[in-house]
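Report on the following structure.
In what follows, chains are A, B, ... by sequence order, proteins preceding strands, each numbered from 1.
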There are 2 protein chains.
Amino acid sequence: MQPGRRHSPAESVALFGYSLTPMILRMLKTRANIKDVASRAGVHPSTVSRVLNPATRSMVSESLAREIVRIADELGYRRNALASGLRTRRTFTVGVIIPDLTNPVFPPIVRGVEHTLDGEGYIAILADSGSKRRSEKALIENMTARQVDGLILAAANRKDPLVDQVIEQGIPLVLVNRTVDKHNVTAVINDDELGIDLAVGHLVGLGHRQIAYIGGPQRTSTGYARYRAFLKTAKKAGIKLDRDLIINAREFTETAGQAAFHELIKTGKHFTAVLSANDLLALGCYDALEELGLRCPEDISVTGFNDMPYVDRFAPPLTTLHIPHDELGVQAATLLLERIENPDTPTKQLRLEPRLIVRGSTAVPSA
Amino acid sequence: MQPGRRHSPAESVALFGYSLTPMILRMLKTRANIKDVASRAGVHPSTVSRVLNPATRSMVSESLAREIVRIADELGYRRNALASGLRTRRTFTVGVIIPDLTNPVFPPIVRGVEHTLDGEGYIAILADSGSKRRSEKALIENMTARQVDGLILAAANRKDPLVDQVIEQGIPLVLVNRTVDKHNVTAVINDDELGIDLAVGHLVGLGHRQIAYIGGPQRTSTGYARYRAFLKTAKKAGIKLDRDLIINAREFTETAGQAAFHELIKTGKHFTAVLSANDLLALGCYDALEELGLRCPEDISVTGFNDMPYVDRFAPPLTTLHIPHDELGVQAATLLLERIENPDTPTKQLRLEPRLIVRGSTAVPSA
DNA sequence: TAATAGGCTGCAATCGTTTGCATAGAATAC
DNA sequence: GTATTCTATGCAAACGATTGCAGCCTATTA
């Protein structure tokens, strides 16, 4: 570089005469690449590369490095992540698959994941699989084709060939929210047994003895674990279990909850409370109660699980189990980054503790 | 290919003798690439490439093409999107930036975007900017470094240097939810004037004459447009405007709404309804009302804007303006794809119509 | 029968970075 | 003053796909 020359665009035109054409071409074509920076600095591209990479920057003399950096931002150089990733086999990208983004449980998890990743220079490819298995498979293939460094799945089933496939391919994987039966995956989930325990304890403490249970799909770890926990805990609490008052819904949705509640009523059996395996199911109970002209909590107490945003504003505010949504995401991302750094890290099942939040949907049973 | 040979793994070991080593190396190393497929098929990589690309597949003879496809999935070949994108300058990736994913307005929009993109083979890189400008800038740079084909921004300000930058760089861009003052961008937004008109009409129809307004930040197009619309519409409806009863909050948040409502009360002026520029602000009003021991709608009617999921379950269910969340996303994605295909498409501002949903938070004013 | 056209496939350059290896010069040791 | 180590940089080969061009072969035409 000739120190006397400053580069206003106009000067460039005047000063660099015949070198103008390639410059203009470059500007029209696309943004500067590493070769442009190198030739402007009169060095080899590899030197520029080393300067721009923190790990190798010290290999280059300080003064030259500074000059290169100056030129790089003068030209507005930005590393092309495709080329870089192709060469290094690291994309600093992770894929995140969510079954339904409009289920309010997931956005905070996603946010936790993203913020954690962002801190380490990673970015998330997010996809909403819409609960369809086929699209989920396609999404995973799409993501692996993009050479993601790892995957976070929030929609695993207890037996999940997709999960097996991912593991087999050696792609770092972390499950969140749900896990599989085999313990060969790292997962961040809730302590479902503790949660159900707390809910049952609360209802029993209020004096409920006939407690109905609306569970979720048994193919999911949450649906299964909560169901088992209910059986176990209820027995421990000494309340009599009536199989007719235990229904496992097909989906964790409001309509499924509503239908399940109607089924409970149809049995003709008496119950004073219904413990549901998730907030949406509880909402379905609200719907059914209203249709039946029953009041909550005066006639029937209802509890949920998850403490979705805004359930505290519902009529009545829902008694439920709070799970640390953000933390779930943060931990999942942290563990994934660990696995990416070191793929041989032993798998680990992290179980976060839920907290009972008592609100207006539970009360002492009416005489 | 020698037709007599079938390839069970064990046979391969026996039959291919010395060719075993490279095969094993390949299997250990990573998944098959185009060269592997080519050499197994005894053709040049370019032929494989042509077969696997629908647009060029017809250049290759049908029988050879079929054989290559067979071998490709036998080897589990998947195109490396980095290499492909590097060469073609198309990544089939679009960046989506959302200010706050936990605001329930956004998930449906994101879902609409994703499903539309997915249909065309695109995938979304999603980022939650957390409303911080700096991180937003960094995110955009990160995404452009990854060579996204386009960008969808849901958090633009009326004057937005970031938006200008993106346009200047020639990256296809679509704004959603909010837009900028200049009409040099394609945007999908709501018809705010119509919405406010409907809300005012509803309140006036109920008999309200003293209507307070809690608006949003004036730096956003929604905040500004709704404010202007309120001024205009209220005048048209013949109700007297009291400047003290018009407050524009700094943020579209619950706490900002709460604070604004307290300010309204502090003026000592009489009003029977408050029209808020968004549901979260309305929720803040609920909070303030409760703190003040006032009832909604008996003492004060409240309206919102957006019809966020679940506001129908609040106590009281919120009267608000429904916007077609999914459609917002679908349109944004569609327009973006259009711009990606043809960057010279003239910019367009698409304005979707909101619909008034009357629920329990509005009533005839008390005498 | 020779010339021409058209259909298939191969060749090699390219996209933008990274990195092991080589080398020139400077600095140190003896 | 020479031998030896460093230091700083350049060289060139990857990474995995795509694509304009060239060339071969077969089929068609005059």
Side-chain angles (χ1 to χ4, degrees), chain A residues 1 25-26 29-68 72 75-93 144-149, chain B residues 1 22 25-26 29-68 71-72 75-93 144-149:
Chain A
M1 284 304 301
L25 277 178
R26 165 65 55 200
K29 210 174 68 189
T30 167
R31 68 186 331 151
N33 67 27
I34 204 170
K35 265 190 215 161
D36 300 321
V37 177
S39 71
R40 189 88 114 99
V43 300
H44 194 269
S46 60
T47 305
V48 176
S49 172
R50 287 193 262 257
V51 169
L52 268 22
N53 185 336
T56 50
R57 159 135 191 192
S58 64
M59 301 174 117
V60 177
S61 73
E62 184 53 26
S63 60
L64 179 55
R66 259 205 291 269
E67 173 67 0
I68 289 176
L75 296 183
Y77 170 79
R78 296 273 172 269
R79 168 198 281 120
N80 180 323
L82 296 184
S84 172
L86 177 59
R87 176 64 226 245
T88 61
R89 296 164 174 291
R90 286 284 248 104
T91 55
F92 292 91
T93 305
T144 56
R146 288 160 196 275
Q147 317 296 119
V148 292
D149 292 334
Chain B
M1 285 303 302
L25 276 179
R26 165 63 57 200
K29 211 174 68 187
T30 167
R31 67 186 333 150
N33 67 29
I34 204 170
K35 263 189 219 162
D36 300 321
V37 177
S39 71
R40 188 90 114 101
V43 300
H44 194 267
S46 60
T47 305
V48 177
S49 172
R50 287 192 264 256
V51 169
L52 268 22
N53 184 339
T56 50
R57 159 134 191 190
S58 64
M59 302 173 114
V60 177
S61 74
E62 184 52 25
S63 61
L64 179 54
R66 259 208 289 270
E67 173 67 0
I68 288 177
I71 292 179
L75 297 184
Y77 170 79
R78 297 273 172 269
R79 168 198 279 120
N80 180 323
L82 297 183
S84 172
L86 177 60
R87 177 63 226 246
T88 61
R89 298 165 172 289
R90 286 285 248 105
T91 55
F92 292 93
T93 305
T144 57
R146 287 160 196 274
Q147 317 297 119
V148 292
D149 292 334

In 5'-to-3' order, the base (B), backbone-only (S) or no-contact (-) status of each nucleotide in nucleotides 18-26 of chain D, using a 4.0 angstrom heavy-atom cut-off, is BBB------
With a 4.0 Å cut-off on heavy atoms, is Arg90(B) in touch with a base, just the backbone sugar-phosphate, or nothing at all?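 Here Arg90(B) touches no strand at all.
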Looking across every strand, which nucleic acid part, if any, lies under 4.0 Å from Leu64(B) by heavy atom: base, sugar-phosphate, or nothing?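 Touches sugar-phosphate only.
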Which residues pass the side-chain hydrogen bond (donor to acceptor under 3.5 Å, both in side chains) test with [X], sequence neighbours left out?
X         : result
Ser84(A)  : none
Asp149(B) : Arg90(B), Thr91(B)
Thr144(A) : none

Considering residues at least two apart in sequence or located in another chain, which fulfil the ring-ring contact (aromatic ring centres under 6.0 Å, His included) criterion with Phe92(A)?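 Residues passing ring-ring contact (aromatic ring centres under 6.0 Å, His included) with Phe92(A): Tyr122(A).
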All N/O donor-acceptor pairs, side-chain side in residues 41-49 of chain B, below 3.5 Å, sequence neighbours left out:
unit_1	atom_1	unit_2	atom_2	d
His44(B)	ND1	Ser46(B)	N	3.1
His44(B)	ND1	Ser46(B)	OG	2.9
Ser46(B)	OG	Arg50(B)	NH2	3.4

Between Ser61(A) and dT9(D), is there a contact of a side-chain N or O with OP1 or OP2 at under 4.0 Å?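 Yes, such a contact exists.
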dG16(D) phosphate, OP1 or OP2: any side-chain N/O from Asn80(B) under 4.0 angstrom?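 False: Asn80(B) side-chain N/O out of range (4.0 Å or more) of dG16(D) OP1/OP2.
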When the C1' atoms of the five terminal pairs at each end define the local axes, what inter-axis angle does the helix from dT1(C)-dA30(D) to dC30(C)-dG1(D) show, to 10 degrees?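 Inter-axis angle at the ends, rounded: 50°.
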Whole-Å distance between [N] [atom2] and [X] [atom1]?
X         : N       : atom1 : atom2 : result
Met59(A)  : dC6(D)  : CE    : P     : 15 Å
Arg78(A)  : dT17(C) : CZ    : P     : 12 Å
Leu82(A)  : dT17(C) : CG    : C1'   : 11 Å
Arg31(B)  : dG16(D) : CZ    : P     : 12 Å
Gln147(A) : dG16(D) : CD    : P     : 8 Å
Asn33(A)  : dT18(C) : CG    : P     : 12 Å
Leu86(A)  : dT19(C) : CG    : P     : 12 Å
Lys35(B)  : dC11(C) : NZ    : C1'   : 14 Å

The criterion is side-chain contact (heavy atoms from CB on, under 4.5 Å); which residues satisfy it with Ser58(A), sequence neighbours excluded?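 In terms of side-chain contact (heavy atoms from CB on, under 4.5 Å), with neighbours along the sequence ignored, Ser58(A) is linked to no residue.
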Would you list the pairs meeting salt bridge (Lys or Arg N to Asp or Glu O under 4.0 Å) in which at least one residue belongs to residues 76-85 of chain B, sequence neighbours left out?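 Matches after skipping sequence neighbours: Glu141(A)-Arg78(B).
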Supply the atom-to-atom distance Asn80(B) CG to Arg87(B) CZ, rounded to the nearest 0.5 angstrom.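 Nearest 0.5 Å value for the CG-CZ distance: 15.0 Å.
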List the steps and the verdict of side-chain contact (heavy atoms from CB on, under 4.5 Å) for Arg146(A) and Thr93(A). CA-CA 9 Å; Arg146(A) 288 160 196 275; Thr93(A) 305; over 6 Å; no
